[in-house]
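What you see is a predicted model, and the numbers here were worked out from it, not measured in a lab.
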Amino acid sequence: MIGLGGAEFRLPLLIGVFGFVALQAVIMNKAMSLLVVLTALPARLASVPFERVAEHWSVIANLLLGSLVGAWLGASWATRMRSATLYKVLAVLLVFIAVTLAGTHFLALGSLDLQAWVRIPVGVLAGVGIGIVAAIMGVAGGELLIPTIVLLFAVDIKTAGSLSLAVSLPTMLVAFARYSRDGSFAVLRANRGFVIAMAAGSVAGTVIGGLLLGVVPTAVLIPLLVVLLLASSVKVWRH
């Protein structure tokens, strides 16, 4: 309903309701996020043709230069953190996502008038930060990628949504590759039934959310979700 994959709301549930420890929840969340992105990419081609996305290949390349590095770094840090530290980091990032979500929906996003020689390194640095956050939280990163693409590259928000998916997919694959080196995927094999059930629920929720699009006003929905994220951050911090 809000145009995001929902991973930021799934993560606190995996920890607080289903009882997964921090790193297991991140891996589980990443798997669900990958499924959502793979489902969303072909679906969005109906409204945003491939040709329009291909026109902005330089935007994708610019952000990927940073996000691939950031994903590897973020996954490396997550596997090395003590669980207690990772809970605190996740709580802070949930607050960050809540603030970003509110700002993106209620503030008019314009584009920054930057010269190319400034915009390219800024895009790389932004990509590194987004890749780190996405890898640590197990999210696709669309909540950060979309406003970044609009601000830095003056792309309309509809096209920015498709470009964010094109950046998210390889970024998540790199994070998965790093996590696989430490045997972190064992949680997916051990909870195969749960993974299948939540995957089915995610797909069903995507369809239902699409049907309900516009039913609940954004002015009501977004503040409720922001409050939910902030409450979740407190719970994760105390976990």
Can you see which heavy atom on Val150 is nearest to which on Ala160, and at what distance? CG2-CB, 4.0 Å
Hey, is the main chain of Gly141 close enough, under 3.5 Å, to the side chain of Ser168 for a donor-acceptor pair? no
Val26 vs Leu90 side-chain heavy atoms within contact, under 4.5 Å: yes
Minimal heavy-atom distance between Ile97 and Glu143, with the atoms involved, is CD1-CG, 3.6 Å
Verify, without hydrogens or angle tests, whether Ser180 (side chain) and Ala177 (backbone) share a donor-acceptor contact under 3.5 angstrom. yes
All heavy atoms of Arg119 vs all of Leu152, minimum pair found to be CD-O, 2.7 Å
Provide the closest heavy-atom pair for Ala199 versus Leu35 in the form atom of the first, atom of the second, distance. CB-CD2, 3.4 Å
Minimum heavy-atom distance between Met172 and Ala140, given as atom pair plus value: SD-CA, 4.0 Å
Look only at the side chain of Asn29 and the backbone of Ala25, and say whether a donor-acceptor pair between them is shorter than 3.5 Å. no
So Phe18 and Phe194, would you call those rings parallel, tilted or perpendicular, with 30° and 60° as cut-offs? perpendicular
Atom CD1 of residue position Ile157 - does it have more than 12 heavy atoms of other residues, nucleotides or ligands inside 6.0 Å? no
What closest approach, in Å, do Ser162 and Val53 show between heavy atoms, and which atom pair accounts for it? CB-CG2, 3.8 Å
